[in-house]
Trainee: 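Quick one: structure below, then a few questions.
Just follow the structure's listing: the first ligand is 1, and inside any ligand the first atom is 1.
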Amino acid sequence: MHHFQYRQGHLHAEDVAVARIAAEVGTPVYIYSTATIARHYEVFARAVGVPRHRVFYAMKANSNQAVLATLGALGAGADTVSEGEIRRALAAGIPADRIVFSGVGKSAQELAFAVERGIYQVNIETESELELLSKVATAQGKRQNAVVRVNPDVGAGGHAKITTGSSANKFGVSFEAAGRIYARAANMPGVKMLGLATHIGSQILELDDLEAAFKRMAALTAQLRGEGLAVERLDLGGGLGIAYEMAAANDDGGERIAAYAAMIERTLGTLDVERGFEPGRLIVGNAGILVTEVLHQNLRPHTTFLVVDAAMNDLVRPAMYEAYHEIWPERQAGPDVPRKTYDVVGPICESGDTFATARTLPETRIGDLLALMTAGAYGATMSSTYNSRLLVPEVLVKGAEYAVVRPRTTFEDLIALDRVPGWIGA
Ligand code: LLP
């Protein structure tokens with residue numbers, strides 16, 4: 001389900017013409033739909049039983065202040081993985097008591113910051129981190145709420161680089177060690193152990209692996225309780241996938257979310273725990289597009305390259321994970337427009353800077369606008385300035401209004417980040 005549709009032959013984001021935004025803000029540009037973000041959050045939150053259970057939006061997917069503020073106003077919490085993310089969430093008005101802090105490499109400074117702000121929960125991933133957290137919190141005269149992230153040895157996900165739950169992956173304490181570490185943590189002065197967490201991967205479309213992982217979490221919960229330890233919370237992570245082939249599937253995600261919620265009831269329903277969820281992609285993935293202009297055509301015997309003004313530094317997913325993004329022309333093509341096969345590439349000096357290979361599109365000309373669909377998650381947040389390209393501006397649409405929620409940076413900003421030491425001379 002998303003709110004990017006053709007009206008009178010032109011692509012719109014809710015009620016705003018994409019071409020108008022492109023003309024006024026320039027390209028490339030990320031465009032997000034408030035209605036899509038809100039709908040996904042609300043459907044998910046209802047399905048998983050908020051407010052009895054809790055949703056912490058995984059803000060690594062999209063951490064724009066306007067997106068966070070939109071979700072925060074709907075009641076969402078934030079799943080964070082760095083001090084920077086905690087600061088961004090707080091700045092957007094998400095209160096500390098709705099923030100969880102995950103991640104394999106939290107520093108003493110980051111933990112101290114989280115404890116000082118009084119966040120809802122730290123998800124502990126190693127024994128040394130547990131010791132560090134206890135020390136840091138004790139120094140502040142506090143006990144920090146925490147859960148232990150367990151690696152259930154069930155990996156899943158759309159690509160090897162985004163699988164996290166297999167024992168070969170760096171995430172979480174091993175399933176075998178979890179009981180011992182939990183018991184140890186329960187006796188530490190600076191931490192209050194409240195439960196367990198897991199997260200096995202991203203872009204998961206089959207529920208079987210999630211179910212297997214959750215069954216292991218249920219068994220571990222029963223085991224710990226049998227040893228007299230309290231387990232009040234189960235953080236079930238994120239990872240539920242979305243349809244990247246939107247036009248074909250016309251998938252609104254509702255069925256998958258309902259099946260996920262039913263599976264959780266089935267596997268964990270009898271446990272009296274507060275469940276936490278960390279969806280990222282599911283909330284914002286289909287809520288964003290990257291709009292780009294065709295700069296050149298390079299006609300070759302075997303294909304035609306469409307060279308567009310967006311590149312892998314703006315949206316790295318195709319280059320990094322061989323990810324598929326649909327490409328919609330801004331101008332809807334009638335049946336009389338011939339279809340042609342193109343390779344859609346960016347201007348960066350690497351062959352990996354390719355958005356699509358052998359993609360069939362309506363005949364496209366220089367100056368046309370194209371939308372890379374389903375770019376709301378892990379698009380802008382993974383962007384860089386490689387090739388000294390400026391970070392792409394971001395626009396949020398709500399009904400007939402739009403706002404630039406991150407302006408394009410300037411070349412002056414870019415160059416001013418560096419310093420030339422005096423010994424080099426003038
Ligand atoms: N919780 C934890 C602990 C995570 O590591 C992640 C994602 C999430 C929640 C949210 O997962 P989601 O619901 O979005 O699947 N850059 C990759 C995805 C990396 C996901 C990393 N962890 C991509 O573009 O596909």
Side-chain angles (χ1 to χ4, degrees), residues 30 37 40-41 44-45 47-48 54-63 67 71 76-82 85 89 99-106 121-126 129 147-152 155-166 169-173 196-207 209-210 213 217 234-244 253 256-257 260 275-288 290 312 314-325 355 372-384:
Y30 275 105
I37 295 171
H40 286 160
Y41 174 75
F44 187 83
V48 299
R54 289 172 170 251
V55 175
F56 306 98
Y57 162 62
M59 60 180 281
K60 61 173 77 72
N62 188 320
S63 56
V67 171
L71 286 165
D79 167 47
T80 66
V81 290
S82 68
E85 285 198 343
I99 295 177
V100 303
F101 188 16
S102 320
V104 287
K106 307 180 196 77
Q121 154 185 318
V122 172
N123 294 10
I124 288 168
E125 302 221 14
T126 57
E129 186 193 354
V147 299
V148 171
R149 176 168 175 183
V150 179
N151 183 316
H159 190 273
K161 286 185 185 157
I162 56 173
T163 295
T164 54
S166 125
N169 302 136
K170 66 184 174 181
F171 302 92
V173 305
L196 302 167
T198 197
H199 170 81
I200 63 168
S202 194
Q203 185 54 14
I204 302 170
L205 293 170
E206 301 294 330
L207 297 179
D209 291 331
L210 284 167
M217 300 306 286
L234 274 190
D235 181 335
L236 302 171
L240 197 56
I242 59 173
Y244 279 83
R256 194 174 299 112
I257 293 171
Y260 174 77
R275 300 173 201 149
F277 297 89
E278 303 171 352
R281 188 191 313 268
L282 182 89
I283 307 294
V284 290
N286 284 334
L290 175 61
M312 64 189 277
D314 307 315
L315 177 66
V316 77
R317 303 193 68 259
M320 194 155 172
Y321 316 114
E322 288 88 39
Y324 176 89
H325 286 263
F355 289 123
L372 289 147
M373 306 303 287
T374 323
Y378 307 108
T381 48
M382 294 183 78
S383 63
S384 75

Trainee: Any idea which protein heavy atom is nearest atom 8 (C) of ligand 1, and the distance to it?
Mentor: His199 CE1, 3.4 Å
Trainee: Among all protein heavy atoms, pick out the one at the shortest distance from atom 24 (O) of ligand 1; state its residue, atom name and that distance to 0.1 Å.
Mentor: Arg317 NE, 2.6 Å
Trainee: When you look for heavy atoms under 4.0 Å from ligand 1, do you find them on the side chain of Thr164, its backbone, both, or neither?
Mentor: neither
Trainee: What I want to know is whether Arg149 and ligand 1 share at least one N or O pair that is separated by under 3.5 angstrom.
Mentor: no
Trainee: List the atom of Arg281, the atom of Ala377, and the distance in Å for their closest heavy-atom pair.
Mentor: CA-CB, 3.7 Å
Trainee: Starting from atom 20 (C) of ligand 1, find the nearest protein heavy-atom neighbour and note its residue, name and distance.
Mentor: Tyr378 OH, 3.6 Å
Trainee: As a quick check of understanding, evaluate side-chain contact (heavy atoms from CB on, under 4.5 Å) for Met320 and Leu315, giving each step before the final call.
Mentor: CA-CA 9 Å; Met320 194 155 172; Leu315 177 66; over 6 Å; no
Trainee: Looking only at heavy atoms, what is the nearest atom pair of Ile200 and Thr198, with distance?
Mentor: CG2-OG1, 4.1 Å
Trainee: Taking 4.0 angstrom as the limit and counting only heavy atoms of Gly280, give me the atoms of ligand 1 inside it, by number and element.
Mentor: 12 (P), 13 (O), 14 (O)
Trainee: Would you check, one step at a time, whether the test side-chain contact (heavy atoms from CB on, under 4.5 Å) holds for Leu210 with Ile204?
Mentor: CA-CA 8 Å; Leu210 284 167; Ile204 302 170; 4.0 Å; yes
Trainee: For a quick test of reading the model, state the closest non-hydrogen atom pair linking Gly201 to Thr164 and the distance between them.
Mentor: N-OG1, 2.9 Å
Trainee: May I ask you to check whether Tyr41 and Tyr57 place their ring centers less than 6.0 Å from one another?
Mentor: no
Trainee: Applying the side-chain hydrogen bond (donor to acceptor under 3.5 Å, both in side chains) criterion to Glu322, which one of Lys161, Arg317, His159 satisfies it?
Mentor: His159
Trainee: So is Ala61 in contact with ligand 1, going by heavy-atom distances below 4.0 Å?
Mentor: no
Trainee: So which heavy atom in the protein is nearest atom 21 (C) of ligand 1, and how far is it from that ligand atom?
Mentor: Lys60 CD, 3.8 Å
Trainee: Against heavy atoms of Pro279, which atoms of ligand 1 measure under 4.0 Å?
Mentor: 13 (O)
Trainee: For atom 9 (C) of ligand 1, what is the closest protein heavy atom, and at what distance to 0.1 Å?
Mentor: Glu278 O, 3.2 Å
Trainee: With atoms numbered from 1 as shown, which atoms in ligand 1 lie under 4.0 angstrom from a non-hydrogen atom of Gly239?
Mentor: 11 (O), 12 (P), 13 (O), 15 (O)
Trainee: For ligand 1, is there an N or O atom under 3.5 Å from any N or O atom of Ser102?
Mentor: no
Trainee: For ligand 1, is there an atom lying under 4.0 Å from some heavy atom of Lys161?
Mentor: no
Trainee: Does Leu282 have a non-hydrogen atom less than 4.0 Å from ligand 1?
Mentor: no
Trainee: Would you call Asp79 and Lys60 a salt bridge, taking side-chain N to carboxylate O under 4.0 Å as the test?
Mentor: yes
Trainee: Measure the distance from atom 17 (C) of ligand 1 to every protein heavy atom, then report the residue, atom name and distance (to 0.1 Å) of the closest one.
Mentor: Tyr321 OH, 3.2 Å
Trainee: Just which atoms of ligand 1 are under 4.0 Å from any heavy atom in Asp79?
Mentor: 1 (N), 2 (C), 9 (C)
Trainee: His325 and Tyr244: aromatic ring centres closer than 6.0 Å?
Mentor: yes
Trainee: Where the closest heavy atom to atom 25 (O) of ligand 1 is concerned, which of Arg281, Met382, Gln203 has it?
Mentor: Arg281
Trainee: Nearest protein heavy-atom contact for atom 19 (C) of ligand 1: which residue, which atom, what distance?
Mentor: Ile162 CG2, 3.7 Å
Trainee: Does some non-hydrogen atom of Met320 fall short of 4.0 Å from ligand 1?
Mentor: no
Trainee: Go through Gln121 and Phe101 one step at a time and tell me if the side-chain contact (heavy atoms from CB on, under 4.5 Å) criterion holds.
Mentor: CA-CA 6 Å; Gln121 154 185 318; Phe101 188 16; over 6 Å; no
Trainee: Closest approach of Val147 and Leu196, non-hydrogen atoms and distance?
Mentor: CB-N, 3.8 Å
Trainee: Quick one: does Gly201 get an N or O within less than 3.5 Å of an N or O on ligand 1?
Mentor: no
Trainee: Provide, to 0.1 Å, the distance between atom 15 (O) of ligand 1 and the closest protein heavy atom, together with that atom's residue and name.
Mentor: Ser202 OG, 2.4 Å
Trainee: Strictly distance-based, threshold 3.5 Å: is any side-chain N or O of Glu125 a donor or acceptor partner for the main-chain N or O of Gly172?
Mentor: yes
Trainee: Going by the atom numbers of ligand 1, which of them fall below 4.0 Å from some non-hydrogen atom of Ala58?
Mentor: 8 (C), 9 (C), 10 (C)
Trainee: Number the atoms of ligand 1 from 1 as they appear, then name those within less than 4.0 Å of a heavy atom of Gly238, with their elements.
Mentor: 9 (C), 13 (O)
Trainee: If we ignore hydrogens and angles and just use 3.5 Å, is the side chain of Tyr30 paired with the main-chain N or O of Asp314 as donor and acceptor?
Mentor: yes
Trainee: Does Phe277 form a ring pair (Phe, Tyr, Trp, His ring centres under 6.0 Å) with Phe56? I'd like the steps, not just the answer.
Mentor: CA-CA 6 Å; Phe277 297 89; Phe56 306 98; 9.2 Å; no
Trainee: Is there a polar contact between ligand 1 and Gly237, counting only N or O atoms under 3.5 Å apart?
Mentor: no
